[in-house]
Participant: 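Right, I'll just put the structure down here and ask away after.
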Amino acid sequence: MENNNAVSTPSTPGAFRVLWDVFLSFRGEDTRHTITNTLYNALTELDIRVFRDDEGLRRGDVIASSLLEAIEDSAASIVIISPNYASSRWCLEELAKICECRRLILPVFYGVDPSDVRRQTGPFQEHFRNHEKRFEKDKVDKWRNAMKKAGEIAGFTNREDELLVKNLIKTVLIELRKTPVGLAAYTVGLDSRVEKLMKLLDIKSNGIRILGFYGMGGVGKTTLAKALYNRVVGHFEHRCFISNVREISAQDNGLVSLQNQLINDLSSSKVLTVREVDAGTAAIEGIVNEKQVLVVLDDVDNINQLNALIGNREWFYEGSRIIITTRDIEVLSKHLVTEFYEMRELDFSESLQLFSYHALRREKPTGIFLDLSKQMVSLTGGLPLALEVFGSFLFDKRRLKEWEDALQKLKQIRPHHLQDVLMISFNGLDEQEKCIFLDIACLFVKMRTKREDAIDILRGCGFNAEIVVSVLTAKSLIKFTGDNVLWIHDQIRDMGRQIVREKDIVNPGLRTRLWDRDEIMNVFKDKKGTKNIEGIVLDFEKRLENSVKDISGDTISWYNLQGNLNFTSAVTYLKERYKRYLEDRAEKEREVVIFTDALNAIVNLRLLQINNVNLEGKFKYLPVELKWLQWKGCAMKSLPSDFSPRKVAVLDLSESKIEQLWSSRNNKILENLMVLDLHGCFNLTSVPDLSGHRALEKLVLERCEKLTKIHESVGSLSSLLHLNLRNCSNLIELPSDVSGLKQLESLILSCCTKINKLPESIGHMKSLKELLLDETAIATLPDYIFRLTNLERLSLNGCKLLKRLPQFIGKLCSLKELSLNHSTLEEIPDSIGSLEDLEKLSLMCCKSLNRIPDSIGNLKSLSSFFINGTVIKQLPWSIGLLSNLKHLLVGENHFLSKLPDSIEGLDSIVELKMDGTSIIDLPDKIGDLKVIQKLDMKKCESLRSLPESIGHMWTLTTLIISKANISAMPESIGMLENLIELRLDECKQLRKLPTSIGNLKSLQQLLMNETAVTDLPESFVMLSSLMVLKMAKKPHVELLDKSTPEVPVICSTIEKRKVFELPTSFSNLSLLSEFDACAFEICGKIPDDFEKLSSLEILRLGHNHFCKLPSSLMGLSILKQLILPDCKELKSLPPLPSSLVKVNVANCIALESVSDLSNLESLRDLNLTNCEKVVDIPGLQKLKSLRWLYMSNCNACSSSVKRRLSKISLRHIRNLSMPGSKIPRWFSQEAVRFTNLKNREIKGVIIGVVVSLNQEISDDLRYCLPAIVDVQAEICKLDYWIHKTTLHLYGIPKTNEDQIHLCRYPYNDPFIRSLKDGYKIHVTTRNPPKMKGVELKNWGIHLVFEGDDDYEGNEDSLNESQQSISERLASFFSTFEEEDDCVSKSVGEVEEKLQKIEEREQQRASSYGRIYYVSAFIVLSFACLLSWLQIWR
């Protein structure tokens, strides 16, 4: 913000932009001489420009209009709402205008209840009644809405004026730092465009939709893509937003990098890294084929990018949505993209609004600036980027003459030409600002540089970095992302790079900055560097890791050789050792080498990045002007003796092989060195003498795991500000004397597990603000720590030896955050109450802590207090004095049985979490928590009731109660009008819901699984916002009658429950998307008006007793999942909606008929396990999307189903189960050795197993699991298993008969990607087993290579060896009963054969006995020779 003294008074109020920092709105008769006066004086003392009443107005102005203009010209507003605030129409007009301006609002509830403000009740009721008599309804409604909005903001409540003012000032200062730089992006016309695109995406429907929108650069495509992504992201569990596709893909391995980002973002667990585009494409196909995804690809410019990242529509799972932005419509091929949208420029009114915001910080220009603004907008055009940058260019132009000059510049350029508009802003910079802008545009933005790092580098160059970066940000030329990474719009970046290119179009060596890898390598190779070059960034990223980090073959074979010394094992070892030698030599050849003499002529080079490059030659050639050198991955053990860039300010050798920076005999002094970054140098064993480095400010040694001590000189670095030793796991001690670190602000020792004490001289670190000691061996803090009066953050998490804090901890008067989670702390000293500035106190999982001192109530600034996981038996009464506390976590503590009555004093509490406590009742006063939003009481098993006062928590949005002992909910619950989520899971004594529940108009989720509720009140159908209803019961296991084997069967209850019927008009819940009433004793038939639940996507009604589903089910047009397992009386499935993706009717033993499924084009998962009476599944052959088909123990329909299994369906099916005892004869019945084929990639593996369950062996676990989990596939390397996976044998057959399971693993599966040349696959059983009675009868394996299963034509005339895999499988099933088509070999026979082969091998090996020792000697000699060669190399 500009200083008020620098402001010159213009002729009209509209000449200033953000004239005031804060606008004070208050009722004079209530607060003018109290809180308002105190606050005004405190703010002005800090040079904060405050508008109060009429003090800032010029004489002659009409008070009302000037007030409204003052509001427009204020960055923030503090609204002091007192009892008589609403009696003034002026106050209400102010508040309405404040809300309209969409600025920062800080409400102060001074002597009033926020709920009264929201509802206009209490003292405000009479005021509004009077206003309604005097003013128009629209005006009064506007005032009411403004009051409601103010009341909904978590503001400030008055307890003590002094503390209130202090907290307000703190908040104002924090927020003003964000103004205008950190304000949320102001957008115009975005909402309407998002709504149009939402209709095109239609996320509720099935099918795959790929939306491509196109338009010129700077038109706002990325902004729109982000807004659209944010709007729909909540509907997708798996999603990915990839920015800058064009820029990243142009880099080396750029497409592979993008593929890996997509793979990682869409995978639910850590996945293996791909190294080639083809491998990445196959991996992506496998992932998106299995799950519904949301993908955004921003700024695509080449069809190859789309081919590599999203391939084609057929890859994707039903319901997936892909969004593509591009400047080139030709990229959006019609066979891929389903919806097109042209991104047009803003219209004139939208353009004027956006320009006005950035230039004047108001929605519409006023006075003499209106006409000038209109002219500028007409010349600038409707491109948001141009409007933002040019508007920001005028940000600090306050005089009319400056605006007129800017207009003349606009008139001199090509109309609507973006780059020309951007150049006006660039030309307005001074020389230093231009230089830094070009550094950023050409170099830093490519590196995704953090703000702090960029500032360090620029300061090292002698620039006023902080000031210039702020200027560039204010002018919208650069920005910073949420994680503080430097970002620049590609059009602005391209402008900067074009400025540099124009220095010399042909010869890169004559330019000032180089960023293109090929150009840089040519300059180095041809030695064409010149004195013009100031910056070079060259990053050969680390070679991607191997797809699987297996134990090496030479290691395995060496162990085998040691354990079983014979000729065969010796030869194997020799072969594996030779392979390793060749791999290492190939790795060496891939290294990039640059010779230092190529740098000799580049004498003015300031900035140099040469990551993962080998630099060879004389280091004296390094340019003397070098200020920043980043050399990650440096292969040297120490820097050479002639390394002496004496002006270097930032030296980054992180993640390199450095063992010592330079030899002790040749200690270097880099006088200008400010930052030394050696993080991740795992081989670093020592830190050199740094006493001569008097400018050093940052020393980063994180993850230097071999470092055992720090040189004593570090303790005397008077300039050092930041010392990071995190994860130096072998560091034993710090320098004994650290008294010289007088400027140190941050000391990080987290995870230095061998550090057990701090030096006594730590008290001399007067400037220390941050001290992180997490997971160290520290048992006590030194006595002199109390001298750290500037310390703001102290973290001792995981300090297992720390039992108490020193009494003088209270002397740390600046401390804001104290964290001791998972420590062995036994007590908190009383002096902690002296920490007046403490904002966060975290004591989570301190299992020895049983008491909190009463002095805790003195922590007036405390906003977060976490004591969950402790053994505290009682909260002190004084906790109610924490009027600023917003988050209180006291859960996971069985010793805590009550809350103090003083809890009512927590005026600011937003979240109260007491899960897992022994609390019996809540105090009545808990209803006085007027701004609470979340109340969490999970697993409060002793909780017996809720007070009626809970209904007074009008701001509550989330109420979670589970496993409680409550039998009823209070009727007052219906007063929680803002409640969105209500959870009552496993409250097994809860027998009914309150009749008032229908008043919860905002309720979206009601989860009440495993309660005793058997009826829903009639008012239930009034829950008009309800989207998720889960009220399932827990099924119980019983035995069938003795006429059948003792096979457990799932039943809904042991004792007969009351029959449940859905309430009348249940179908009125038109927003309901998920309904789960498993085992709820639903009998008879489902109501026919079920189709009115038009938003239903998931329907779970398993373990119920209805015999028929309504025909209206067909009308549920967006139903995705129909889950009906164990519905024992269900006899038929009616026609089903085509939107279904998953149908589960497993164990529906009465089911006889299934309607034609041919319309279910999206169906992927069909489970009919144990549906013994079903005789056919019509339409099965047309289910092209089917991936999982489970039909174990479906004997009646297995023959017809086998005939319906077509080549198309079998090609896509991942898992298939049905009755059968044979596997295809062309499957290998033995372990399969994988061989890499030169021109044919592996595309998958099919594993077939025949399994039976011995029902005579009882097993309680068997029917509690969804699948047989004891059959596994293993990948082995030289008899050492590398990867193991459990076969997905879903469905537990209730029979002794054999069942065949086919499991197809696609290429992207980790199991298949673990395969390498020479590895073997075989099938085995888990030992020991998890499930009793499982018998593996047969197994077979078939590898699928490229071209084996992609033929689309008719194959009837082809012989079996020529047919595709899926055609052969279809033939196998269609002739399943013919013995000669199959081979049935028992596992015992296979094992016997293997044993015979092994015996022959042993006999053959014994024949070499006469040359045993000679051979071993020769082999080992060769091995030694190879080892020597490798070392010599």
Side-chain angles (χ1 to χ4, degrees), residues 426 429-475 477-478 480 484-488 493 496-497 499-500 503 509-515 520 529-539 599 601-611 619 621-632 643-654 668-677 693-700 719-722:
F426 175 78
L429 302 175
D430 65 27
E431 290 306 312
Q432 186 176 142
E433 290 165 352
K434 287 179 179 179
C435 184
I436 289 179
F437 170 76
L438 293 177
D439 283 345
I440 291 172
C442 298
L443 309 176
F444 294 164
V445 73
K446 184 177 181 180
M447 299 155 44
R448 290 185 52 80
T449 309
K450 292 253 183 182
R451 187 182 196 278
E452 181 183 0
D453 297 332
I455 294 292
D456 286 337
I457 297 169
L458 294 170
R459 283 180 56 235
C461 293
F463 297 138
N464 297 319
E466 284 283 4
I467 295 173
V468 174
V469 166
S470 296
V471 168
L472 296 177
T473 308
K475 292 183 180 296
L477 291 173
I478 66 172
F480 292 92
N484 241 2
V485 172
L486 191 59
W487 182 85
I488 185 169
R493 179 204 64 205
R497 292 182 174 180
I499 291 170
V500 170
K503 297 292 183 183
L510 294 174
R511 301 174 194 161
T512 58
R513 294 158 182 86
L514 298 178
W515 59 90
I520 294 169
T530 68
K531 64 181 180 180
N532 292 355
I533 301 176
E534 298 179 31
I536 295 174
V537 289
L538 181 64
D539 189 354
L599 296 166
I602 313 177
V603 293
N604 292 318
L605 189 67
R606 292 182 292 115
L607 310 171
L608 176 61
Q609 178 198 62
I610 46 171
N611 290 345
F619 278 70
Y621 292 132
L622 288 180
V624 294
E625 293 298 320
L626 197 62
K627 306 295 195 307
W628 169 66
L629 173 60
Q630 186 182 76
W631 191 6
K632 293 184 178 182
F643 177 85
S644 56
R646 298 194 178 278
K647 292 187 180 182
V648 73
V650 179
L651 180 58
D652 181 355
L653 298 171
S654 54
K668 298 286 183 182
I669 296 178
L670 305 178
E671 296 177 355
N672 295 313
L673 189 64
M674 294 167 47
V675 179
L676 178 57
D677 190 348
H693 297 77
R694 301 183 183 277
L696 192 62
E697 296 180 2
K698 291 184 180 181
L699 178 57
V700 182
S719 60
L720 199 64
L721 302 176
H722 178 86

Participant: Taking atom CD1 of Ile488 and atom CZ of Arg493, what is their separation to the nearest 0.5 Å?
Facilitator: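 So the CD1 of Ile488 and the CZ of Arg493 are separated by 8.5 Å.
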Participant: Going by side chain to side chain donor-acceptor pair (under 3.5 Å), name the residues that satisfy it together with Arg606, two or more places apart in sequence or in a different chain.
Facilitator: Asp439, Glu534
Participant: Between Phe437 and Gly496, which heavy-atom pair has the shortest distance, and what is it?
Facilitator: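 That closest heavy-atom pairing would be CE2-CA, 3.9 Å.
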Participant: Using a 4.5 Å cut-off on heavy atoms from C-beta on, say whether the side chain of Leu599 contacts that of Leu626.
Facilitator: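 They are not in contact (no side-chain heavy atoms under 4.5 Å apart), so the answer is no.
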Participant: Hey, mind stepping through Asp539 and Gln609 against side-chain contact (heavy atoms from CB on, under 4.5 Å) and telling me if it holds?
Facilitator: CA-CA 7 Å; Asp539 189 354; Gln609 178 198 62; 3.5 Å; yes
Participant: Going from CD on Gln630 to CG on Asp677, what distance comes out if it is rounded to the nearest 0.5 angstrom?
Facilitator: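 That separation rounds to 8.5 Å.
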Participant: Provide the closest heavy-atom pair for Ile457 versus Val650 in the form atom of the first, atom of the second, distance.
Facilitator: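 Looking at all heavy atoms of both residues, the closest pair is CA-CG2, 4.1 Å.
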Participant: Of all residues at least two apart in sequence or in a different chain, which pass the ring pair (Phe, Tyr, Trp, His ring centres under 6.0 Å) check with Phe444?
Facilitator: none
Participant: Output the distance between atom CG (Asp453) and atom CG (Leu486), rounded to the nearest 0.5 Å.
Facilitator: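 Asp453 CG to Leu486 CG: 10.5 Å, rounded to 0.5 Å.
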Participant: With rounding to the nearest 0.5 Å, note down the distance linking CG in Leu622 to CD1 in Ile602.
Facilitator: 10.5 Å
Participant: With no hydrogens and no angle check, is any side-chain donor or acceptor of Arg497 less than 3.5 Å from a backbone partner on Ala441?
Facilitator: yes
Participant: Give the minimum heavy-atom separation between Ala695 and Ser719, together with the two atoms involved.
Facilitator: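 Ala695 and Ser719 have their closest heavy atoms at C-OG, 3.5 Å.
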Participant: If the condition is side chain to side chain donor-acceptor pair (under 3.5 Å), which residues does Gln432 pass it with, not counting sequence neighbours?
Facilitator: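 Here no residue qualifies.
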Participant: For residues 462-474, which residue pairs qualify under salt bridge (charged side-chain N to carboxylate O under 4.0 Å, His left out), counting only residues two or more places apart or in two chains?
Facilitator: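 Qualifying pairs: Arg451-Glu466.
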Participant: Is a side-chain N or O of Asn611 found less than 3.5 angstrom from the main chain of Lys632, in a donor-acceptor match?
Facilitator: yes
Participant: Hey, is Glu625 close enough to Lys647 for a salt bridge, meaning N to O under 4.0 Å?
Facilitator: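 Between Lys647 and Glu625 there is a salt bridge, with a charged N closer than 4.0 Å to a carboxylate O.
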Participant: Under the side-chain contact (heavy atoms from CB on, under 4.5 Å) rule, what do Glu452 and Lys698 come out as? Steps first, then yes or no, please.
Facilitator: CA-CA 11 Å; Glu452 181 183 0; Lys698 291 184 180 181; 2.4 Å; yes
Participant: Would you give the length of the straight line joining atom CG of Asn672 to atom CG of Leu696, rounded to the nearest 0.5 angstrom?
Facilitator: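 Atom-to-atom, Asn672:CG and Leu696:CG are 11.5 Å apart.
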Participant: Test side-chain contact (heavy atoms from CB on, under 4.5 Å) on Ile610 and Leu629 and set out the steps.
Facilitator: CA-CA 8 Å; Ile610 46 171; Leu629 173 60; 4.2 Å; yes
Participant: Taking all heavy atoms of Trp628 and all of Met447, pick out the closest pair and write down the distance.
Facilitator: CH2-CE, 3.4 Å
Participant: On a heavy-atom basis, which atom in Leu605 and which in Gly535 lie closest, and how many Å separate them?
Facilitator: CD1-N, 3.7 Å
Participant: Provide the closest heavy-atom pair for Gly460 versus Ala649 in the form atom of the first, atom of the second, distance.
Facilitator: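 Nearest heavy atoms, Gly460 then Ala649: CA-CB, 3.5 Å.
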Participant: Out of curiosity, Leu514 CG to Ile533 CD1, how far, rounded to the nearest 0.5 Å?
Facilitator: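 Rounded to the nearest 0.5 Å, the CG-CD1 separation comes to 4.5 Å.
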Participant: What do the steps show when you test Leu673 against Val648 for side-chain contact (heavy atoms from CB on, under 4.5 Å), and what is the final call?
Facilitator: CA-CA 6 Å; Leu673 189 64; Val648 73; 4.3 Å; yes
Participant: Is there a side-chain contact between Leu607 and Cys461, using heavy atoms and a 4.5 Å cut-off?
Facilitator: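 Counting from C-beta outward, Leu607 and Cys461 do come under 4.5 Å.
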Participant: Sort and list the pairs that fulfil side chain to side chain donor-acceptor pair (under 3.5 Å) and have at least one residue in residues 440-450, not counting sequence neighbours.
Facilitator: none
Participant: For Ser654, which residues count as a side chain to side chain donor-acceptor pair (under 3.5 Å) partner, sequence neighbours excluded?
Facilitator: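 Expected list: Asp652.
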